[in-house]
Every structure is written in C-alpha cells, then in structure tokens.
Amino acid sequence: MIAELGLAVLWMAAALAVLQLVAGVLALRPEGRQLAGLVRPVAVVQGALVAVAFAALVSLFLTTDLSVKLVAENSHSMKPFIFKLAGTWGNHEGSMLLWVTIMGVAGGFVALIEKRLPENTLIATLAGQAFVSLGFYAFLLLSSNPFERLAEPAPEGAGLNPLLQDIGLAFHPPTLYVGYVGLSIAFSFAIGALVTRDVGPAFARAMRPWVLGAWIFLTLGITAGSYWAYYTLGWGGWWFWDPVENASLMPWLAATALLHSCSVLASRNALKAWTVMLGVIAFSMSMVGTFLVRSGILTSVHAFAVDPERGSFILALLAVYIGGALTLFGLRASTVTEGARFSFVSREAALVLNNVMLCGILGIVLIGTLYPLLTEAMGVKVSVGPPYFNPVSAVFAIPMMLVMGVGPLLRWRQDSLEGKGAARITLPVGICALLSAAVLLGVVLFAHHIKLLPALGLAVAAGLAPASFLPLRGRNLRRTPLPTWGMVIGHFGIAVALFGMASESAFSTEKLAAMRPGDVQQVGPWTVKLDGIGPVAGPNWTALEATVAAGYESAAPVMLHPQARTFSNPPGNRTESALKTRWNGQLYAVLGEEGDDGRWQMRFWWKPFVPMIWYGGALIALGGLLALLGRVAADIRRLVATDKIAYRRMKQGR
Amino acid sequence: MNRLLPMKRLLIALFALLLAPVLASQLSAQDMLPPAPYAYKQLSDPEQEAKAQALMETLRCLKCQSQSIADSDAPMAGDMRHQVRTRIAAGEDPEAIRQWLIERYGDYVSYTPQVKPITWPLFAAPAVILLLAALLLRNRFRKGGKQ
Amino acid sequence: MSAEAKKKPGLAIWLPLILFAGFFALVIWGLVRPADREVASAFIGKPLPAFDLPPASDDRPGLSTMVFKAGKPRLLNVFASWCVPCAVESPQLAFLASKGVEIDGVAIRDRKPDVARFLAQNGNPFARIGKDDLSQVQLAIGSSGVPETFVVDGKGVIRYQHIGDIRAEDVPMILRKLEEAGQ
C-alpha cells in the first residue's frame, strides 16, 4: 500500500513539475502573464509531494517490506536500525529519489520565501528548477522505479556490503548529495538570470545562501569521506586523487570560486557574467562527478559493477542541461553588461585571483582525471596520480593562499600598499610573512629530509594561520558581522588543514612488524606491545581482535583494539584499524594476517598532527555555517521590516 | 583471507553516489602462501626504506587498478613491494626500477606520468591555464589600474 | 572571465561550450568502447628475461629460460592452483598439448601439494612447471594476473600474450600464433 502511494505521489509530483515548467515559460511572455501566479504555489506543492514519496520509501526500508524489490535487494531484517535507514539512499534508485526530493523541497522553499528577485527572474529560476528536476523524474519513473514490487515477496533481504556498514558511510554520501543538489539551485538561479538578463547584486544575494549551504555540505562530505577512507582502508592514506575522490573535489572547487565571486557581485556589482558562468560550472561538476562515478568509465571493471545504461542516462541529462546552459550563456552573456571596474590592488582583484587559481586547480583535476581516458582513446594507457596532482595543484594553491592572507584586508575598488595608510596592511602581513620565512628557514637548516611540498605547506600554514585573523584587528568583536567571522574561521580552517597535510607528509613514521604476543616495537615516540589476540563478536560480524598496549614516551600505556572483521550477511571481510588521538597526532594500528610462524603482521603509524586535516575541514564548514547564519538572519530581519511597513500601510488604510 | 579488492571498492563506495553495484561481492580465489619476505617488512636502513616507500607510493597495483602498491593487501602488490625493496637494498636506483616496470607494463604502472609526447599536454596544462587567465584578464586590469 | 574582459563577444564566450563538447565526445567514446581493462604486457617482441625456477611438481622438471631457445615455439602458461579460471581452461590446454604443442607452466604463489591436487583433478598438459613464489617471473614478463598464456618463439622471444582463460574459440587463434612464431 505504502509503495503504491509513494509511486502515485511521485507521478503527481512529476506532473506538477511539468506544469511548473510550462507555466513558468509561458508566464515570461506577455500573453501568458496570468499564469505567473501559478508558478510559486505549484513549486511548493511539488516539493511537498516528492517529500511524501521519499518518506514512503524510508518507511518501506524501516519496516523491511520485502515485497518491494529495492528493499529486498538492499536491506536485511536483521540490520541495525541506522543501516536500514541509510539503506534508503544507499542504492541507485533511492539516491535518485533523494536527489529529486532535495531539489523539490528546496525549490518549494525558494518559491515560498524568495522576495528580492524581480518576479520574472524568479519565475524563470523556478522553471529552470522544474526542468532539471524533470530529467531526474523521468529517470526514476521510466527506468529506476524505487517502488517496484516483487511478484513473490523475498524470504529475506540480500543485506548490505560489510564495507558499507559503517556509520561514516551511512551519512557521507547523502551529505555530498545535498551539496550537489544545492548547486543545482544555484544553477537554476543562473539560468533564471540569463533568461531575463537580470544579473546584479540582488541575484547574487538570492543565490548566495544556497551556494553557501551546498558548499558547507560539500566541505563536510569531503572531510568526512577523507577521514572515513583514512581509518577504514587500513593504510593511513587520506587522499589519493582517485577519480572518485576527484569527482567530489571538483564541485567543491567550483563552489568555492562561486562563493567568492558572489560576494564581489553582491557588494560591487562586478564579475557578472563570470559569476553566472561559475554557477553553471559548479552544477556541471556535480553532474560530471555523478556521471564519472556511476558510469564506471574511469574505474576498473574488476572492482565495480558498471551500469552503462544509467551512465548514458546521466550523460544525456548532462548534455541537455550543461550544453543548453552553455549555449544560453554564449547567446546571452555578451548582453549582460559589464560590471564596475577595479584597480589591481583591491579586494576584487584578490578575489579574482582566488577565482582564477581555484579554477586552475579545477582544470588540473579535471584534465588529470580524464587524461588516462584521452590517451586510451589514442591507444596508450597511462596513469596520473599524486606525483602529478600534488605539485601541479600546489602551483595554483600556494599563490592563492598567499593572497588569501592579504586579500581580506584590502579595500574594495582601490587600495594602495604604499603611502601612509598602507602600514595597517603591510606591518601585520609582513610579520606573518616573516613567520612563514622563519619556518621555511628552519626546515632548510634543521630538517632537510623534509621534501619541498610539505616544507612549503608548513611555511604557508604558519603565516596564514595568524594572517587569517587580521581582518578582526581593530574591530569591535561583538559587533563584527557573522559573515566576517565566517570568513576568518574558514580561512583559518584552510591553514589548519594545510598544516595537517604538510605535517602528515613530513613527519609520519611507519612501522611494519611481525609480532608474537608479548613482542614490543617502537613507533616514533610510542612503545607498542602486542598483549594478545582473541575472538570478539558484534551484531552481524565476528572478528579477531588484537590487544595492543601503547605508551607515549614514558606515560602509562593505553589499550588499542584493531580488528579483522568477518561479516556473514553478505559474507565479507574488513579490517578495523584502531586509532589513538593525542593533541599532537594520531597513532594508527592495524591487525594483519597470521604468518606461518605464528607471528601476526601488525602495521603502525605515528602521524603527527594528522587530525588537523579534518579539524581544518570542520572549521571551514563552521566558517560557512556562520556566514550562512549571518546572511539568513539579515534576510529575515529585512523580511520582517518589509512586513512591518506593509502592515503599517495597511493599518493606515492604504 | 579474501582481501583482494576491498580497498578499491571502498574508495569507489566512499564517494559513490550509487552504492548498489558495489555490493556485488567479488569472491576471488586467493592463494594460501605467506606474503613475500619484504611485502610487509621494512628495510633496516631507514634511508633505503624511505626511498622504497616513495617509489612504492607511485607504482600502480595492477590487481586493484586504482591503488598504489604501497597501500594494497593484494598478494601481487606484496610481491611488487618485495621486488622494489630487494632491488633498492641491492643499490638500484628507484627511477631505474620504475623504468624496469614500465618496460614490462607500460606507462600504466607508474602514477608519475612520464614526460613523453603523449603526456606533453598534461604538463603544458598549468601554463596554458595561467596564460588563458592572463589573456582574459589583461584588459580588465590595465584599465582598472589607471583609475 | 570571458565576457567580463571583452566588449565584443569573441571566441572566449563559446570556449566553455567547445570544451564541454570535447568532454562529451571523449566520454561517449569511453562509454561505447569495448570494455578492455586488462593490462597488456609491454614485453611482447622482446626476449624472455633470464630465469631459472625450481620444479613445482614432483614429476616435472623446473623451468629455465634455456628451454625456450631450443628452436621450437612454445606456450608459457602462467597459472595457479587457487585460480578458478585456470581450472576452466585446462581442457583447452590438454587439447593443445594433444596437438603436439609444448606447454610450460609457471605456478604463481603455490604449494607443491596444491599443484599436485590441481594437476590430478584437471590433467597435466605441462612439459615443465616452474615454481614462482614471489611472482618474480610474472613481473619480469609483464604479466598481471592468472591465467595468462604467452607464445614464445624458438629464439626465446615473446610473440603473443593471451590474457585470461583460453576458451575453446581461442584455440585456433593460439595455434595460428604458434605457427606464425615458428616461421
């Protein structure tokens, strides 16, 4: 019953999306004016209906309704609650439904509250939104119906891959997802603005919260994903520039650039066409990422059940949306007037540099990711990995971070680094630069085994960390607007993450050892002793668990329990590494196989300051959150004020 | 015992929007032989081990297809690590070992792209991007600067 | 920055679309291309590297490079007892052996008792079987998995590599490659 309800509601929502698109397009013509009033309510109802459809699927998963094909294939009655819930979106059909749900709900929300934009632009935006949604509705309803019933209910579900039965993974993909879909809203705004040629500060302000929101989720998703890979893979790596990782990084880079160009457009009415372009690119990257992952085009056929049909469908959507948007851009961008000009030394110029560098990194990641495919088309197989991505992206990232330290201190339009007023900038920035130089000198003099990139990373981080707080200098901290705090914390987060990355690369110690119970090994400052190995059992797994006593220098030892888990439904294995976090780093322990001689393969790493990578990521997201709160609060205040005025007018009998 | 491919699959799953196909569990047969001596054992000379580690991180595990041999549990990756470590210990140059492998498996085995005509565009890319940006921005700033 | 910088819309404004079209063409090719993700050996046309493997089976001698320089083309089959496709291809190897093709085996990461059981179950088409516990020969000839079969000519030069199990329909092609190697 619930499945049929879900399907019916989904069809209704799709029909409303058609209505939203048609009414929106017609309303933009003089003869269709009277339809204009229809678009907003339709968008709201469409959002509500698709949310009901998603709720129906969630309830099917929670009750493990095995007469529904999707549930039978992806769930199991004995799974813990949280994985039943996550099972809803942990599959193709469910994740597509989640996609349209977020789009629909967000679209409804825009329709409900957005009052700044000229009505025409908003209607064009909602029509664009409906257009994008329709592709996914078609995908769902025509080829991946999540509510399909089995002729005969399955006796039991097929279960979930043990590798995926992890709390991090249950919530990591939907987090990225929300980010991807959030960028589709920015895309719709860009389309709306292109259609009506109305690109200005109001457009940037309307779009900005959505970009910020999407960006926060992308940041969290990537950070969590990186940490999850780090502790689950069992080799201590946190980023490998794998195509699938790159697929998640590219939208983030584009969104970061968009965020910054939005602020130029909102404050200074400049970078108009560029901002629109970035709005299109950011969503393109989401779609490209989705396509690359789902088509399996860049990954091994041995490792991944590829579904070319789904890949083709996404590619077709990609061609329609992105090809269409870029064509529209080509036709319209020249008629979008140029924005205000600015001097070479100005806040805008710094932000432009930021944009260029971010897009440079984006270009490098995209080219590097696709290059093996390109050479394969020419008959040669090559691999492009960290030895390419690391230095080449640094070429762009390092100048960008240097400018990041100065940019927020510059004035809009025109500033000067000479003359009497300049000391407010040159003095503090000079001190930060000295800090960087001192760190670099220290590395050269005392730790020349550290390679160039980590050394530069340490140096830049040392200067950037204090520099990111400079915008607060001379301000009344309690009256500093939230978005400024957001920027400061976000930039500081970059410095923190950079420090973590550089430190991990520069100072990590690895120890591989075959150990018998009782054996002792030295891992950096740690003394580790294998106390014993025994069996343990979890809800749906059994494991061998090592007990390792680890003592930091002369401190009392702590117990670590790395495991090798065996799952039953479906069968599979997974290593569960054990981590001990201190303020100055992390000890990482892995239990390997037993050798012929009764000794166990143990792997240990001491990674100084490695958690800073993810603390940094969290700080960046927190910065985004503060900025978002600040913007939304300002919007609400403005809305309330408008309402008050309207109310007063009404009372005065106007 | 059966740890042939989990890592690659994990990575995919990690950022995957679509988790379902990943679930198709791939049960491959696995040998019962203990790992090669230097698969999980470091060289005693830290300098040599650092060299070996740096090289292993840039060699592709041919069995797993998107992992370096430095972080794979596949037996063949273990054998490749053994090969790298023993050769380094014998005093061979890391780049010579890389070339030895490229001679056998093609450029595919090296995560460090080799500078060859086919990879020139890859190395030109950053310069082209910067040039393009400079070209597009040139007008903007010259005029702006005069204000 | 395209439209920003220029008063008149130049090519720059269409650049994104052109790049996108390139991307699109590339991935379309990627989607329709035959799913060939195997890593081919780059060592074809080159002489077998020198090796000398101990026997992996009690009733067959070990394998050294010298065998391949006897003037007659041979097959070098990289296999393992723990590999299911290797068992699947054994009838085809038996057929080839019955046609007078000399096949030498390299057992990868294997134990003698396991090899003996495998050969008892699936037949023994091999003239010699070398034991390669550290995949050294496998690495030296650019093989990246089991089973793989190499055609080696009478001078010890690798002429052809077949990746994966030999199916019945592959047999004529293998025979042809052997014949070409013999000329």
Side-chain angles (χ1 to χ4, degrees), chain A residues 199 261 270-278 280-281 284 288 291-292 295-304 306 308-309 311-312 314-315 318-319 322-339 341 352 355-356 359 363 366-367 370-374 376-377 381, chain C residues 1-45 82-86 109-114 131 133-134 142-148 161 163-165:
Chain A
V199 184
S261 80
L271 298 187
K272 291 179 169 186
W274 176 241
T275 305
V276 170
M277 183 76 234
L278 276 180
V280 173
I281 289 184
S284 311
V288 166
F291 167 74
L292 290 182
S295 65
I297 197 168
L298 288 172
T299 48
S300 161
V301 77
H302 300 299
F304 192 48
V306 176
E309 192 199 325
S312 318
I314 297 172
L315 188 62
L318 189 76
I322 309 311
L326 292 176
T327 311
L328 186 66
F329 179 82
L331 295 173
R332 289 291 167 88
S334 53
T335 61
V336 173
T337 53
E338 254 185 274
R341 296 199 162 275
V352 164
N355 266 237
V356 168
C359 290
L366 187 62
I367 292 169
L370 292 174
Y371 207 78
L373 192 63
L374 188 69
E376 215 184 318
K381 277 190 173 184
Chain C
M1 315 264 124
S2 46
E4 285 299 307
K6 305 205 167 180
K7 278 274 192 287
K8 65 171 170 56
L11 187 66
I13 215 163
W14 294 103
L15 193 64
L17 188 63
I18 296 165
L19 290 175
F20 179 72
F23 165 82
F24 191 74
L26 179 64
V27 295
I28 286 277
W29 174 83
L31 275 183
V32 301
R33 85 185 138 161
D36 168 33
R37 309 280 174 100
E38 304 292 352
V39 187
S41 170
F43 223 53
I44 294 159
W82 42 266
C83 136
V84 179
C86 301
R109 304 185 57 80
D110 228 329
R111 294 171 210 254
K112 271 191 168 179
D114 294 335
K131 196 163 174 298
D133 289 353
L134 300 170
S143 152
S144 48
V146 276
E148 284 186 15
Q161 176 195 28
I163 300 176
D165 53 318

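Just so you know, these numbers use all the heavy atoms, side chains as well, and skip hydrogens, waters and symmetry mates. Residue numbers begin at 1 in each chain, while the letters A, B, ... track the order of the sequences.
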Q.
Can you tell me how far apart CZ (A:Phe329) and CG (C:Leu15) are? Round to the nearest 0.5 Å.
A. 10.5 Å
**Q.** Rounded distance (nearest 0.5 Å) linking atom CD1 of C:Ile13 with atom CZ of A:Arg332
**A.** 12.0 Å
Q | C:Leu17: partners by side chain to side chain contact (heavy atoms under 4.5 Å, CB included), with sequence neighbours left out | A | A:Leu326, A:Thr327, C:Trp14
**Q.** Contact winner vs chain C - A:Leu374, A:Leu331, A:Leu315, heavy-atom pairs under 4.5 Å
**A.** A:Leu315
Q: Give the intermediate values and the outcome of side chain to side chain contact (heavy atoms under 4.5 Å, CB included) for residues A:Ile322 and C:Phe24.
A: CA-CA 10 Å; A:Ile322 309 311; C:Phe24 191 74; over 6 Å; no
Q. Is A:Leu318 close to C:Phe23 at the side-chain level, that is, under 4.5 Å between some pair of heavy atoms?
A. yes
Q | Non-hydrogen side-chain atoms of C:Leu31 and A:Ser312 separated by less than 4.5 Å | A | yes
